[in-house]
**Student:** 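Please read through the structure below; I'll follow up with questions.
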Amino acid sequence: MIRQAIALGETSLGIELGSTRIKAVLIDRHFETIASGSYEWENRLQDGYWTYSLADVLTGLQEAYSKMKQEVEQKFGIVIKNIGSIGFSAMMHGYMAFDDTGKLLVPFRTWRNATAGAAAKVLTEQFKFNIPERWSIAHLYQAILNEEEHVSQIDYITTLSGYVHWLLTGEKAIGIGDASGMFPIDEAARNYNEKMLNQFNELVAAQGYPWKLQDILPQVYTSGEQAGVLSEAGANILDVSHDLQAGIPLCPPEGDAGTGMVATNSIKKRTGNVSVGTSIFAMIVLEKELSKVYPEIDLVTTPNGSPVGMVHANNCSSDINAWMGLFQEFSESMGYQEDADKLFSVMLNKALEADPDGGGLLSYGYISGEYITGLEKGRPLFVRSPESRFNLANFMRTHLFTAFGALKIGMDILTQQEKVSIDSILAHGGLFKTPVVGQKITAAALNIPVTVMPTAGEGGAWGMAILASYMSTNERHASLEDFLDQNVFNKVEAQKMDPDEIDVKGFETFIERYKRGLTIEQAAVEHLVENWRD
């Protein structure tokens with residue numbers, strides 16, 4: 001039956017360009033994964049900006065698709081020629097600016113850059129709406145403040161998902177969730193906030209640019225709508241063997257926050273999810289507006305346009321991964337060849353044996369700057385006093401705790417100051433491939449019951465495939481919430497874990513140490529040079 005479904009194109013494909021991996025997932029009509037493929041990549045610091053090259057984007061897309069296609073051929077003996085629907089997602093925010101020939105004017109500036117603080121402050125005051133420096137509009141206005149020559153040549157700005165969609169369809173489109181990380185959205189209009197568009201145009205009028213903001217932004221679509229079809233050139237780009245047919249419908253491209261909400265069924269009001277990866281963010285679907293503007297809280301939307309309070313921290317797993325690499329190197333030097341999954345499982349589970357607060361240890365996994373805590377640049381640190389209990393269990397618990405440090409500060413604003421009600425938090429990301437420990441640490445950090453589904457490891461590419469399927473289904477008159485409840489997650493068994501009181505108290509002790517120690521991190525930023533070889 002699966003072979004027949006593939007042959008008839010009764011499938012949906014989601015491809016997500018994450019921070020460290022590009023993944024392609026092909027699903028059937030029952031939302032089960034048929035095959036997947038991935039490509040590992042990493043951003044780099046170039047001329048002061050975190051970036052990826054367009055060549056890497058292209059290579060990663062092709063490799064992820066090719067590996068998925070090969071798996072299909074190996075399992076089912078059939079070559080993919082048609083797919084029912086396709087969707088692309090990627091890291092939200094950032095800045096990709098193109099001229100009228102389609103040339104990228106400056107290297108892609110990702111969400112990871114903490115370089116638009118001045119612009120974010122001005123725009124937040126102007127709009128009376130929080131504009132984080134990760135957002136596309138902040139990057140654009142910072143380029144204007146910096147008097148960068150390329151600004152006058154801009155014909156189009158978009159996100160990474162919007163770029164890939166444009167490359168393969170020719171359509172300058174974007175899903176409303178990803179659009180809400182470019183520029184503020186009017187919930188009623190399901191489009192960019194017109195008042196703020198006009199305010200921005202007035203703000204930059206004196207520069208005399210040949211464009212208005214609304215003319216250089218992508219067109220906004222909501223979930224369920226079709227946002228173009230795969231062009232012949234796009235089909236040949238995606239499938240280097242040229243077997244894939246053109247004309248396949250594409251759903252709106254989305255951000256990884258939106259696909260995370262879909263993958264965890266966190267679209268309804270009073271629900272939320274936590275995504276743990278290179279960055280960490282929590283998305284809470286709001287019942288009402290917040291009482292005031294908070295720089296720590298982004299206001300974005302679900303893929304169907306509902307308002308969401310988003311707490312986004314730039315740093316999460318990268319420093320832990322670096323330490324795991326060191327431990328693996330040590331293991332190999334001792335003659336033990338252990339695979340990475342086993343190493344992670346053993347090391348993460350050591351955290352369950354630790355003192356509740358991590359034994360007085362402290363770390364900051366700041367590979368890059370962290371807006372929530374006011375750090376423009378990153379300096380990974382591990383700190384201890386002579387009295388600290390320095391052992392492996394406490395070492396691991398401290399690194400897991402600190403991964404949630406900045407997120408905790410923002411979440412406390414929502415839960416303690418704004419009294420936002422949260423019925424459930426669903427967690428997803430690689431951390432939860434190791435049973436219990438990730439869920440237990442998350443529950444301790446947020447002091448909220450945390451649920452993990454069997455689909456937690458599927459990730460955003462699977463969530464994007466679900467959105468593509470939603471667009472193509474005959475039941476598209478159903479709301480996205482009902483579609484997910486009644487079709488996708490109706491038989492999924494979730495595992496819920498309540499916070500442990502001892503763990504919660506231990507994390508509260510740790511987070512106070514974390515806040516007091518931020519002066520150490522600030523000193524490291526000021527005095528520890530980036531180019532130490534110089």
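All figures in this text were calculated on a predicted structure; none of them were measured in a lab.
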**Student:** Is it the case that Lys433 places NZ or CZ above or below the six-membered ring of Phe344, under 6.0 angstrom from the centre and within 45 degrees of the axis?
**Tutor:**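 No cation-pi geometry.
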
**Student:** Would you please test Ser89 and Asp256 for side chain to side chain contact (heavy atoms under 4.5 Å, CB included) and show each step?
**Tutor:** CA-CA 6 Å; Ser89 60; Asp256 53 357; 5.8 Å; no

**Student:** Are more than 12 heavy atoms from other residues, nucleotides or ligands located less than 6.0 Å from atom CD of Gln4?
**Tutor:**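 No - once you tally the heavy atoms of other residues, nucleotides and ligands closer than 6.0 Å, there are 12 at most.
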
**Student:** Is there a donor-acceptor pair closer than 3.5 Å between any side-chain N or O of Ser317 and the backbone N or O of Gly277?
**Tutor:**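 Confirmed, Ser317 side chain pairs with Gly277 backbone.
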
**Student:** Could I get the full list of side-chain hydrogen bond (donor to acceptor under 3.5 Å, both in side chains) partners for Arg29, not counting sequence neighbours?
**Tutor:**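 So Arg29 forms no side-chain hydrogen bond (donor to acceptor under 3.5 Å, both in side chains) with any residue.
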
**Student:** Go through the side-chain N and O atoms of Ser345 and Thr434 and say whether any donor and acceptor fall under 3.5 Å apart.
**Tutor:**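 No, no side-chain donor-acceptor contact under 3.5 Å.
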
**Student:** Which label fits His312 and Phe281: parallel for a plane angle under 30°, tilted from 30 to 60°, or perpendicular past 60°?
**Tutor:**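 Plane angle under 30°, so parallel.
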
**Student:** Using a 3.5 Å distance criterion without hydrogens, assess whether the side chain of Ser161 forms a donor-acceptor pair with backbone atoms of Gly255.
**Tutor:**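 Such a contact is absent between Ser161 side chain and Gly255 backbone.
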
**Student:** Could you list the residues that satisfy side-chain hydrogen bond (donor to acceptor under 3.5 Å, both in side chains) with Gln226, not counting sequence neighbours?
**Tutor:**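 Gln226 satisfies side-chain hydrogen bond (donor to acceptor under 3.5 Å, both in side chains) with no other residue.
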
**Student:** Going by heavy atoms in the side chains, are Asn304 and Ile176 under 4.5 Å from each other?
**Tutor:**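 Side chain of Asn304 against side chain of Ile176, heavy atoms only: no contact under 4.5 Å found.
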
**Student:** Side chains of Val262 and Pro303: does their closest heavy-atom pair fall under 4.5 Å?
**Tutor:**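 Yes. Closest side-chain heavy atoms under 4.5 Å.
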
**Student:** Is the shortest distance from a Lys or Arg side-chain nitrogen in Asp423 or Lys268 to a carboxylate oxygen in the other one below 4.0 Å?
**Tutor:**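 The answer is no: the pair does not qualify as a salt bridge.
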
**Student:** Closest approach of Leu217 and Tyr156, non-hydrogen atoms and distance?
**Tutor:**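 Leu217 and Tyr156 have their closest heavy atoms at C-CE1, 4.1 Å.
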
**Student:** Roughly how far apart are Thr278 OG1 and Asp319 CG, rounded to 0.5 Å?
**Tutor:**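 Those atoms lie 12.0 Å apart.
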
**Student:** Can you tell me how far OG of Ser241 sits from CG of Asn236, rounded to the nearest 0.5 angstrom?
**Tutor:**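 Taking CG in Asn236 and OG in Ser241, the distance rounds to 10.5 Å.
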
**Student:** Is Trp50 close to Ile367 at the side-chain level, that is, under 4.5 Å between some pair of heavy atoms?
**Tutor:**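 With C-beta onward as the side chain, the pair touches.
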
**Student:** Closest heavy-atom contact between Pro253 and Ala173?
**Tutor:**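 Residues Pro253 and Ala173, closest heavy atoms: CG-O, 3.4 Å.
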
**Student:** Under the criterion side chain to side chain contact (heavy atoms under 4.5 Å, CB included), I'd like the reasoning laid out for Leu348 against Leu431: C-alpha separation, chi angles, the key distance, then a yes or no.
**Tutor:** CA-CA 9 Å; Leu348 292 177; Leu431 177 63; 4.0 Å; yes

**Student:** Indicate yes or no for a side-chain donor-acceptor contact from Glu133 to the backbone of Ala116 under 3.5 Å, with no hydrogens or angles considered.
**Tutor:**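 Between the backbone of Ala116 and the side chain of Glu133 there is a qualifying donor-acceptor contact (under 3.5 Å).
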
**Student:** Between Lys440 and Leu400, is there a side-chain heavy-atom distance shorter than 4.5 Å?
**Tutor:**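 SC-SC contact between Leu400 and Lys440 ruled out.
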
**Student:** Keeping Ser180 on the side-chain end and Val300 on the backbone end, is there a donor-acceptor pair under 3.5 Å?
**Tutor:**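 Flag not set: sc Ser180 to bb Val300 has no pair under 3.5 Å.
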
**Student:** Got a second to check how far Leu105's CG is from Met96's CE, nearest 0.5 Å?
**Tutor:**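 So the CG of Leu105 and the CE of Met96 are separated by 11.0 Å.
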
**Student:** Could you pull out all residues at least two apart from Lys350 that satisfy side-chain hydrogen bond (donor to acceptor under 3.5 Å, both in side chains)?
**Tutor:**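 Listed in chain order: Glu353.
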
**Student:** Name all pairs fulfilling the salt bridge (Lys or Arg N to Asp or Glu O under 4.0 Å) condition that reach into residues 51-71, sequence neighbours left out, sorted by first residue then second.
**Tutor:**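 Passing the test, one end in residues 51-71: Arg44-Asp56, Lys69-Asp239, Lys69-Asp243, Glu71-Lys75.
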
**Student:** Aromatic rings Trp135 and His93: how do their planes relate, parallel, tilted or perpendicular, breaks at 30° and 60°?
**Tutor:**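 Correct class here is parallel.
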
**Student:** Once rounded to the nearest 0.5 Å, what's the spacing between atom CE of Met453 and atom CD of Glu493?
**Tutor:**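 Spacing of CE (Met453) from CD (Glu493) equals 11.5 Å.
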
**Student:** Would the distance check show the side chain of Glu187 and the main-chain N or O of Gly305 forming a donor-acceptor pair, the cut-off being under 3.5 Å?
**Tutor:**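 Answer holds: no.
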
**Student:** Is any side-chain heavy atom of Leu61 closer than 4.5 Å to a side-chain heavy atom of Ile15?
**Tutor:**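 Sidechains of Ile15 and Leu61: in contact.
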
**Student:** Where the side chain of Thr402 meets the backbone of Ser363, is there a donor-acceptor pair that is under 3.5 Å apart?
**Tutor:**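 Looks like yes, one N/O pair under 3.5 Å.
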
**Student:** List for me each residue that meets side-chain hydrogen bond (donor to acceptor under 3.5 Å, both in side chains) alongside Tyr65, sequence neighbours excluded, and say none if there are none.
**Tutor:**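 For Tyr65 there are no side-chain hydrogen bond (donor to acceptor under 3.5 Å, both in side chains) partners, ignoring immediate neighbours.
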
**Student:** May I have all residue pairs that pass ring-ring contact (aromatic ring centres under 6.0 Å, His included) and include part of residues 223-279, sequence neighbours excluded?
**Tutor:**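 Output for this query is empty, none listed.
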
**Student:** Is it true that atom CD of Glu232 has more than 12 heavy atoms of other residues, nucleotides or ligands lying nearer than 6.0 Å?
**Tutor:**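 No, not enclosed.
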
**Student:** Decide yes or no for Asn265 and Val492: does some side-chain heavy atom of the first lie under 4.5 Å from some side-chain heavy atom of the second?
**Tutor:**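 Side chain of Asn265 against side chain of Val492, heavy atoms only: no contact under 4.5 Å found.
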
**Student:** If I compare all heavy atoms of Ser266 with all of Asn273, which pair ends up nearest, and what's the gap?
**Tutor:**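 In this case the closest contact between Ser266 and Asn273 is OG-CB, 3.5 Å.
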
**Student:** Can you find a pair of side-chain heavy atoms, one from Met68 and one from Ile80, that are under 4.5 Å apart?
**Tutor:**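 A side-chain contact under 4.5 Å exists here.
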
**Student:** Can you give me the closest heavy-atom contact between Met261 and Thr302, atom names plus distance?
**Tutor:**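 Looks like CE-CA, 3.7 Å.
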
**Student:** Give a yes or no on whether the backbone of Gly177 and the side-chain of Glu254 come within a donor-acceptor separation of less than 3.5 Å.
**Tutor:**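 Side chain of Glu254 to backbone of Gly177: a pair is present.
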
**Student:** Counting N and O atoms only, with roles assigned by atom type, does the side chain of Asn113 sit under 3.5 Å from a partner on the main chain of Thr110, one being a donor and the other an acceptor?
**Tutor:**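 Such a contact is found between Asn113 side chain and Thr110 backbone.
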
**Student:** Could you tell me whether Arg109 sits above the aromatic face of Tyr95, with NZ or CZ closer than 6.0 angstrom to the six-membered ring centre and within 45 degrees of the axis?
**Tutor:**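 Because its charged atom misses either the 6.0 Å distance or the 45° angle limit, Arg109 does not stack over Tyr95.
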
**Student:** Counting C-beta onward and ignoring hydrogens, is there a side-chain heavy-atom pair between Val436 and Met497 closer than 4.5 Å?
**Tutor:**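 In short, these two side chains touch, coming nearer than 4.5 Å.
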
**Student:** What I want to check is whether the side chains of Asn315 and Glu370 have a donor and an acceptor closer together than 3.5 Å.
**Tutor:**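 Glu370 and Asn315 do have a side-chain donor-acceptor pair below 3.5 Å.
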
**Student:** Decide yes or no on side chain to side chain contact (heavy atoms under 4.5 Å, CB included) for Tyr163 and Val57, but give the supporting numbers first.
**Tutor:** CA-CA 10 Å; Tyr163 166 70; Val57 172; 4.3 Å; yes

**Student:** For Gly309 and Ile297, work out which heavy atoms get closest and say how close.
**Tutor:**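 Looks like CA-CG2, 4.2 Å.
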
**Student:** Atom CD1 of Ile27 and atom CD of Glu10: how far apart are they, to the nearest 0.5 Å?
**Tutor:**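 CD of Glu10 is found 13.0 Å from CD1 of Ile27.
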
**Student:** If we ignore hydrogens and angles and just use 3.5 Å, is the side chain of Gln439 paired with the main-chain N or O of Gln495 as donor and acceptor?
**Tutor:**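 Checked: pair present.
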
**Student:** Of all heavy-atom pairs between Ala478 and Tyr470, which one has the smallest distance, and what is that distance?
**Tutor:**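 It is O-OH, 2.6 Å.
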
**Student:** Would Glu329 and Ser333 count as having a side-chain donor-acceptor pair, cut-off 3.5 Å?
**Tutor:**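 No, because no side-chain N or O of Glu329 sits under 3.5 Å from a partner of the opposite role on Ser333.
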
**Student:** Surrounding CG of Asp100 (heavy atoms of other residues, nucleotides or ligands, distance under 6.0 Å), is the total greater than 12?
**Tutor:**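 Counting other residues, nucleotides and ligands, CG of Asp100 exceeds 12 neighbours.
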
**Student:** Stepwise, does the side chain to side chain contact (heavy atoms under 4.5 Å, CB included) test hold for Ile441 with Arg397?
**Tutor:** CA-CA 8 Å; Ile441 294 295; Arg397 192 176 186 89; 4.3 Å; yes

**Student:** What is the distance from atom OG1 of Thr259 to atom CZ of Phe88, rounded to the nearest 0.5 Å?
**Tutor:**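 Between Thr259 OG1 and Phe88 CZ, I get 13.5 Å after rounding to 0.5 Å.
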
**Student:** Please check if the side chain of Ser231 supplies one atom and the backbone of Leu168 the other of a donor-acceptor pair under 3.5 Å.
**Tutor:**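 Yes; at least one donor-acceptor contact below 3.5 Å.
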
